[in-house]
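A note on names: the letters A, B, ... follow the listed sequences, proteins ahead of strands, and every chain is numbered from 1.
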2 protein chains.
Amino acid sequence: MRIKRNHDVAIKDRPVTAQRRLLLDILRKANSHLDAKELYQRAIERDRHISLATVYRNLRLFKEMGLVDEIRLDDVHCYYEIKHPAEHYHLVCTACGQVIEFESPLIAKLVSEVEHNCGFHTSKAVLHLEGYCNRCKNSIG
Amino acid sequence: MRIKRNHDVAIKDRPVTAQRRLLLDILRKANSHLDAKELYQRAIERDRHISLATVYRNLRLFKEMGLVDEIRLDDVHCYYEIKHPAEHYHLVCTACGQVIEFESPLIAKLVSEVEHNCGFHTSKAVLHLEGYCNRCKNSIG
DNA sequence: ATAGGTGCAAATGGTTTGCGAAAAC
DNA sequence: GTTTTCGCAAACCATTTGCACCTAT
């Protein structure tokens, strides 16, 4: 592979393979959060021979490089998304499965309060709310 | 089994078995959060024949009955604790593994802010902070 | 008596890994 | 030419399940 694309620079000090370019492209264009299998299924439409192992290996790599965020929204599997410049968290509708992003200055406030009270140094906050989105709340009851 | 103990009442509408009594007793006396395997290992010291399947089945039952809380503090497995009267969340030290409980009125504030802004109805908040506890922060750097 | 629980071993399902072939550098 | 990745199949590990037997009610 010769031609450099937008996100090739993102993969620094590592070989730029067609598979990596493909996976990053799918993640970039996805406006939702994908799990490994979903990513794999979208990938295989463009590259018949890509393997699930490659998807997992590269998701791990992307995560280690800080390119993608890994979020565990349920007990079953992880979801991946291109790292946003702005920190955000998620609402998960347990009725329709919709995932909504949100952010709030209260989170930073909470973290610094806890750090102050407990002498704890926070490197990562795991946070999401489960419940019913506006639509499901009204229709299901 | 005939003799009723403290927590037998907790298991309502379900047979009170020796295994259930044992598991609840271990969970009660544990001052830390146990995963299924740890619980199983403590249980097998008192009942040589208890099986891991029974541990999992009853943890699920206890969870459904609202007797225990299931928390996923890492990607590998879940931890279980007897349900506290007071809502609380956890700090996880990624250096020493220590788990510290905390609570803050900011969490309720955050939830109601999000509900107001997004029209979301929250049934459960998943929250924990990862980082370094006071000791590790100072000793490791 | 009978509904429900238990132990065992096998299955499940997401994720990881060993290995020889292939591609990137 | 050397280093890294890939595809495949097998391994892994937490959790679940089918089944024959046992226990609480």
Legend entry - d(NE2, H77(B); C1', dT15(C)) in whole Å: 15 Å
Inset, instruction - Quickly work out the K37(A) NZ to dT15(C) C1' distance and round it to whole Å. - result: 11 Å
Inset, instruction - Determine whether K83(A) and D69(A) make a side-chain contact, defined as any pair of heavy atoms from C-beta on separated by less than 4.5 Å. - result: yes
Legend entry - Length of the line joining R21(A):CZ and dA23(C):C1', which is rounded to integer Å: 13 Å
Inset, instruction - Encode nucleotides 2-7 of chain C as B, S and - characters from 5' to 3', where the letter depends on protein heavy atoms closer than 4.0 Å: B to the base, S only to sugar-phosphate, - to neither. - result: --SSBB
Inset, instruction - Return the value, rounded to whole Å, for the distance between atom CG of L59(A) and atom P of dC6(D). - result: 12 Å
Inset, instruction - Indicate whether the side chain of H88(A) and that of E81(A) have a donor and an acceptor atom separated by less than 3.5 Å. - result: yes
Legend entry - Test item: side-chain donor near acceptor, S104(A) and E113(B), under 3.5 Å: yes
Legend entry - Whole-Å distance separating the OH atom of Y40(A) from the P atom of dC8(D): 8 Å
Inset, instruction - Please state how far atom CG in L22(A) lies from atom P in dC6(D), giving the value in whole angstrom units. - result: 11 Å
Legend entry - Donor-acceptor side-chain pairing of D74(B) and Y79(B) below 3.5 angstrom: yes
Inset, instruction - Kindly calculate the angle separating the two end axes of the helix from dA1(C)-dT25(D) to dC25(C)-dG1(D), each obtained from five base pairs, and round it to 10 degrees. - result: 30°
Inset, instruction - List in chain and number order the residues that pass salt bridge (Lys or Arg N to Asp or Glu O under 4.0 Å) with R46(B), two or more places apart in sequence or in another chain; answer none if no residue qualifies. - result: D25(B)
Inset, instruction - Apply the test side-chain hydrogen bond (donor to acceptor under 3.5 Å, both in side chains) to residues T122(B) and E115(B): give CA-CA distance (whole Å), side-chain angles for both, the deciding distance (0.1 Å), then the verdict. - result: CA-CA 7 Å; T122(B) 306; E115(B) 294 193 329; 3.1 Å; yes
Legend entry - Phosphate OP1/OP2 of dT15(C) contacted by Y56(A) side-chain N/O (<4.0 Å): yes
Inset, instruction - Return the value, rounded to whole Å, for the distance between atom CG of D35(A) and atom P of dT15(C). - result: 7 Å
Inset, instruction - Provide, to the nearest angstrom, the distance between the CG atom belonging to D13(A) and the P atom belonging to dT5(D). - result: 11 Å
Inset, instruction - Using a strict cut-off of less than 4.0 Å between a Lys/Arg side-chain nitrogen and an Asp/Glu carboxylate oxygen, indicate whether E38(B) and R42(B) qualify as a salt bridge. - result: yes
Inset, instruction - Could you label the plane-to-plane angle of the Y89(A) and F102(A) rings as parallel, tilted or perpendicular, counting under 30° as parallel and over 60° as perpendicular? - result: tilted
Legend entry - Over all atoms of both residues, closest heavy-atom pair of E70(A) and C78(A): CG-CB, 3.8 Å
